Number of protein chains: 2
Amino acid sequence: MGISFKKQQFDAREEAIIDAVNHLLSEKGFDLMTMDDVADRVGIAKGSLYKHFSSKEKLAAAALTRLLKATLEELDQLPAEMPAVEQLKHILAWSLRLRLQGGVPHLPSTSVSLQRSLMLNLDYMTVALRVNKRFHGLVAKARSDGALTPEVPDDVLVFTLYSRACDPTVDFLIRDNKLSHEQIVDAIVYATMGGFLAR
Amino acid sequence: MGISFKKQQFDAREEAIIDAVNHLLSEKGFDLMTMDDVADRVGIAKGSLYKHFSSKEKLAAAALTRLLKATLEELDQLPAEMPAVEQLKHILAWSLRLRLQGGVPHLPSTSVSLQRSLMLNLDYMTVALRVNKRFHGLVAKARSDGALTPEVPDDVLVFTLYSRACDPTVDFLIRDNKLSHEQIVDAIVYATMGGFLAR
DNA sequence: GTCTATACACCGATAGAC
DNA sequence: GTCTATCGGTGTATAGAC
């Protein structure tokens, strides 16, 4: 029984590759990231890279899928009695913090070419749909709690949650260097959610 | 005296080129837009394109500069007695409408490579700084009017105004096809500004 | 499965005829 | 100034030795 050493090593390398992809996606975006960049950063040859992932799109899909799974896990560990609005704030803050640590890729929305290929990726789409369902559920619950303004439809809030993860405002604020990371998180969460709350 | 017919024709062609660039930037973004795309869309040869703009970066800079100038003109024509907050809402709605009409490029923030070259472009930077000053002035005025929440610094609002112009939420909502363009504008303006208003 | 080497396509920019 | 043709460079992906 158990997993062979070889297999463990293989998996560890794949994790290392995805780590590298995450950083590169957040630094350069999908279009500008090259397979050479990835190989160099991991410290293997480009040819070897293709033994793990058969295309650049598959590589990015794997990185984004891991991110979405982590999002679900983060939501799962929240206490069930936490109000839906607070859960939404929490997951927004969580994704912003990930981004500030340099580990989170820009969302697919930044690259039209990547978007298309992701739609055809079953693994990615499965997790993406689960995350989407989860977000919609939370928004609906917050709505029925009376926490949200009737002025803005549910969809706008859900899409906004995705969008804030790749909001250039974060980059601007980092470069501006006036606010600490926690201040950036607080300000963006406050400003973002504030627009959706009942007054 | 006056401008020769030749010169007029030349200028008209440059305008047509920039129009094409605007559309292509919004569809594909800077990195995926090729000079062949631009030439094809305008209906001229690629070689001819380089007689007007000596590089791809110059081309994008010209398009973005024209956009920023239009932003200033839009602000200039607002009545001076309009409250600063209303002016901010107006310019946000204006840029969202431009985007919904397919005429506005993603912001430079989507491409790291473009960002760098823009910093070195005097024409662009001059206008960009003027727009920035204008935005900061309006935010400061809104602040002194007591219209803004003390919870969020001025910079965050200014950067947010830029960021909303390339917010993928818009793309999501268009594809979703549940809201009309005006509903999208209203919802985003309401949700965006709502997070910054005093409560 | 890792490497080096290379095929193949695309793109930005230029050359040169008209 | 417009065109066609092409150069030089780069990037994805593959081939083949070990």
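Chain naming here is simple, since letters A, B, ... match the order of the sequence lines and numbering starts at 1 in each. Since this is a predicted model, take the numbers as computed values, not measurements.
- The side chain to side chain donor-acceptor pair (under 3.5 Å) contacts involving residues 55-65 of chain A comprise A:Ser54-A:Lys58, where partners must be two or more places apart or lie in separate chains.
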Could you run down the sub-3.5 Å N/O contacts of the protein with nucleotides 4-9 of chain D?
none

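- Along DNA chain C, the stretch of nucleotides lying under 4.0 Å from any heavy atom of chain B spans, 5' to 3', C:dC11 to C:dT14.
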key: Full working for salt bridge (charged side-chain N to carboxylate O under 4.0 Å, His left out) between A:Arg164 and B:Asp167   = CA-CA 8 Å; A:Arg164 284 308 152 273; B:Asp167 192 332; 3.1 Å; yes
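- Listed by chain and residue number, nothing satisfies the ring pair (Phe, Tyr, Trp, His ring centres under 6.0 Å) test with A:Phe53 (two or more places apart in sequence, or in another chain).
- B:Asp76 and B:Lys69 are not joined by a salt bridge, as no carboxylate oxygen comes within less than 4.0 angstrom of a charged side-chain nitrogen.
- Separating the OH atom of A:Tyr50 from the P atom of D:dA13 is a distance of 4 Å, rounded to the nearest angstrom.
- Taking atom CZ on A:Phe53 and atom C1' on D:dT14, their separation rounds to 18 Å, with Å as the unit.
- Shortest non-hydrogen contact noted between A:Val152 and A:Gly195 is CG2-O, 4.3 Å.
- The pair B:Asp19-B:Arg66 meets the salt-bridge criterion, since a charged nitrogen lies less than 4.0 angstrom from a carboxylate oxygen.
- Using cut-offs of 30° and 60° on the angle between ring planes, the pair B:Tyr162 and B:Phe135 is tilted.
- DNA chain D lies under 4.0 Å from at least one heavy atom of each of the following residues of residues 31-44 of chain B: B:Ile44.
- Each of B:Lys51 and A:Ser54 lies near DNA chain D, and the nucleotide nearest B:Lys51 is the one positioned closer to the 5' end.
- Residues B:Arg175 and B:Asp171 are not paired through a salt bridge, judged by the lack of any N-O separation under 4.0 Å between the basic side chain and the carboxylate.
- Of the N and O atoms on the side chains of A:Thr34 and A:Asp36, not one donor lies less than 3.5 Å from an acceptor on the other residue.
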Give every donor-acceptor pair under 3.5 Å between a side-chain atom in residues 77-91 of chain B and any protein atom, sequence neighbours left out.
residue	atom	partner	partner atom	Å
B:Gln87	NE2	B:Met82	O	3.0
B:His90	NE2	B:Glu74	OE2	2.8

